[in-house]
**Student:** 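Would you mind keeping the following structure in view while I ask a few things?
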2 protein chains.
Amino acid sequence: MNKNQKRSECPLSCSLDMWGDKWSLLIIRDMMFYNKSTYGDFLKSEEGIATNILSARLLALEENEIIEKVDNPGTKARVFYKLTQKGIELFPILVEIHLWAEKYLTIPPNIKAIIKEAKKDKEGFIKSSIKELKKA
Amino acid sequence: MNKNQKRSECPLSCSLDMWGDKWSLLIIRDMMFYNKSTYGDFLKSEEGIATNILSARLLALEENEIIEKVDNPGTKARVFYKLTQKGIELFPILVEIHLWAEKYLTIPPNIKAIIKEAKKDKEGFIKSSIKELKKA
DNA sequence: ACCTTTGCTTGCATTTTGCAAGTGCAAACA
DNA sequence: TGTTTGCACTTGCAAAATGCAAGCAAAGGT
C-alpha cells in the first residue's frame, strides 16, 4: 500500500488505502479471533505471509494507528502488537464479511460454529467481543 | 488477484481472494451507490482506475459471480454490468466500512449525510437499500 | 560461553499495477 | 452511404508490490 497518498476523499477508498490489501485484514483477524500478538505468531498462520511483507504491513498498520507496538523486555517474545481502539472497531466489518462468506462459500466446521453464534444475536455478539478485545 | 488459488480455507481469506484488492470494492461501490453500470462509468470515477486493471477486475468479479455482464445491443453503451444477488449482499460490509470510516476519517459532507441516515436505522437502511438494488 | 529463538533486513525473481497508445465494432451523423 | 464518434476493450512497456531464501543482531535459556 502506498503509505501517504490517498486516491480520493471517498471514505471507502481511504479505508482501503489503509488496510485494503491481501494481508492486513488477516493480521487483524489473527489478533481478534486467535489472540495472536507477535511477529512469530503471524508468520505461522496458514496463509504463509512472507517476512518482509509482514514487517511492512505491521509498520503500515502501526502508522495508521490500527495497531500499536509494545516493547516488553524480559519476556521471551519481547515485542507485542496489540489492536488500538480504532483497530478493535474494525470488528463489525470482519463479522459482516464472515456472514457474507457463510452464505456463499464453504466454511470449515469450527469457524461455522462461531458464525452461527454471531448470527443468533449479532449486536450482542459484537458488543461482548469488542469488550473482550478491549480488556486484553 | 489470483483467479483460482485460495491461500487457505478461512472464509475471510477466501473472501479477500475474490474482492480484497485495491479496486474491486470501488467498482462495487460505484454500482451500489452511484448506479454506475458501464465500463466508461467506472473509468470516470475519481480514483482513476487504469483500463487494463478495470477489465481484469470486471472479469474476475464476473468469474466469482459477484457481477454479471449483460449485452444490450441497440443501445449506445451496449455492455452493462450488474450486481448479482451475491454481489448485492456485500452491501452490509460496505455499510460497516463507512460507519468505521465515519469515526476515524474526515468525510465529505454529501457522503456524511448518507452515513448519518444509515446510522439512524441501520437494519432498515440496509434492507431498503438491498431491495432497491434488486429491482434495478 | 554457547546455542536457540525472535524479530527483523537484504537481495533478487516474479507478479501485479500503472500509463499511454492503439484496435475493433456498433451507433450516430452528414 | 461513407465517415466520424464513442465505447469497450488490448497491448506493450515501466514501475511498484509481492514472494522466496538467506542472513543477522539482540535477548534468553542452559
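Within every chain, numbering begins at 1; the chains are lettered A, B, ... in the order of the sequence lines, protein sequences first and strands thereafter.
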**Student:** For R57(A) and dG19(D), what is the distance between atoms CZ and P respectively, to the nearest whole Å?
**Tutor:**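 From R57(A) CZ to dG19(D) P: 9 Å.
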**Student:** Pull out every residue in residues 31-52 of chain A that has a heavy atom closer than 4.0 Å to any atom of DNA chain C, ordered by number, or say none.
**Tutor:**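 Result for residues 31-52 of chain A: T38(A), Y39(A), G40(A), T51(A), N52(A), sorted by number.
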**Student:** Given F91(A) and F33(A), is the side-chain contact (heavy atoms from CB on, under 4.5 Å) satisfied, shown in steps?
**Tutor:** CA-CA 10 Å; F91(A) 189 79; F33(A) 294 103; 3.9 Å; yes
**Student:** Taking atom P of dC7(D) as reference, at what distance in whole Å does atom NZ of K69(B) sit?
**Tutor:** 16 Å
**Student:** For a quick test of reading the model: is some side-chain N or O of Y81(B) closer than 4.0 Å to OP1 or OP2 of dC7(D)?
**Tutor:** no
**Student:** Walk me through whether E62(A) and K69(A) qualify under salt bridge (charged side-chain N to carboxylate O under 4.0 Å, His left out).
**Tutor:** CA-CA 7 Å; E62(A) 202 192 339; K69(A) 194 174 179 171; 5.2 Å; no
**Student:** Quick one: is W23(A) getting a side-chain N or O under 4.0 Å of the dG19(D) phosphate, OP1 or OP2?
**Tutor:** yes
**Student:** Rounded to the nearest 0.5 Å, what separates atom OG in S15(B) from atom CD1 in I97(A)?
**Tutor:**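 Going from the OG atom of S15(B) to the CD1 atom of I97(A) covers 6.5 Å.
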**Student:** Tell me if the CG atom of N72(A) is crowded by more than 12 foreign heavy atoms within 6.0 Å.
**Tutor:**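 Yes, the 6.0 Å shell around CG holds more than 12 heavy atoms from other groups.
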**Student:** Output one line per pair: protein atom, nucleotide atom from nucleotides 24-28 of chain C, and distance, for all N/O pairs under 3.5 Å.
**Tutor:**
unit_1  : atom_1 : unit_2 : atom_2 : d
dA27(C) : OP1    : G74(B) : N      : 2.6

**Student:** For the pair E132(A) and K135(A), find out whether any cationic side-chain nitrogen is under 4.0 Å from an anionic carboxylate oxygen.
**Tutor:**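 Yes.
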**Student:** Applying a 4.0 Å non-hydrogen cut-off, can you work out what F80(B) is touching in the nucleic acid: base, sugar-phosphate, or nothing?
**Tutor:**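 Counting heavy atoms under 4.0 Å across all strands, no contact is made by F80(B).
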**Student:** Give, for atom NZ of K103(A) and atom CD1 of I115(A), the distance between the pair rounded to the nearest 0.5 Å.
**Tutor:**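 Interatomic distance, K103(A) NZ to I115(A) CD1, rounded to 0.5 Å: 12.0 Å.
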**Student:** Tell me: CD1 of I53(B) to P of dT16(C), nearest whole Å?
**Tutor:**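 One finds 10 Å between P of dT16(C) and CD1 of I53(B), rounded.
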**Student:** Could you state the CG-P distance from D21(B) to dT15(C), rounded to the nearest angstrom?
**Tutor:** 18 Å
**Student:** Flag the pair R57(B) and D21(B) as a salt bridge only when some basic side-chain nitrogen lies within less than 4.0 angstrom of an acidic carboxylate oxygen.
**Tutor:** yes
**Student:** Can you tell me how far P of dT15(C) sits from NZ of K22(A), to the nearest Å?
**Tutor:** 12 Å
**Student:** Can you measure R7(B) atom CZ to dT15(C) atom P for me and round it to whole angstrom units?
**Tutor:**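 After rounding, the gap between these two atoms is 16 Å.
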**Student:** Whole-Å distance between dT15(C) P and Q5(B) CD?
**Tutor:**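 Those two atoms, CD and P, are 11 Å apart.
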**Student:** Let me know the distance between CG of L58(B) and P of dA8(D), rounded to the nearest Å.
**Tutor:**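 Atom-to-atom, L58(B) to dA8(D), this comes out as 10 Å.
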**Student:** I'd like to know if E47(A) and K22(A) make a salt bridge, using a cut-off of under 4.0 Å between side-chain N and carboxylate O.
**Tutor:** no
**Student:** State, to 0.1 Å, how close T75(B) and R78(B) come at their nearest heavy-atom pair, and which atoms those are.
**Tutor:** OG1-CA, 3.6 Å
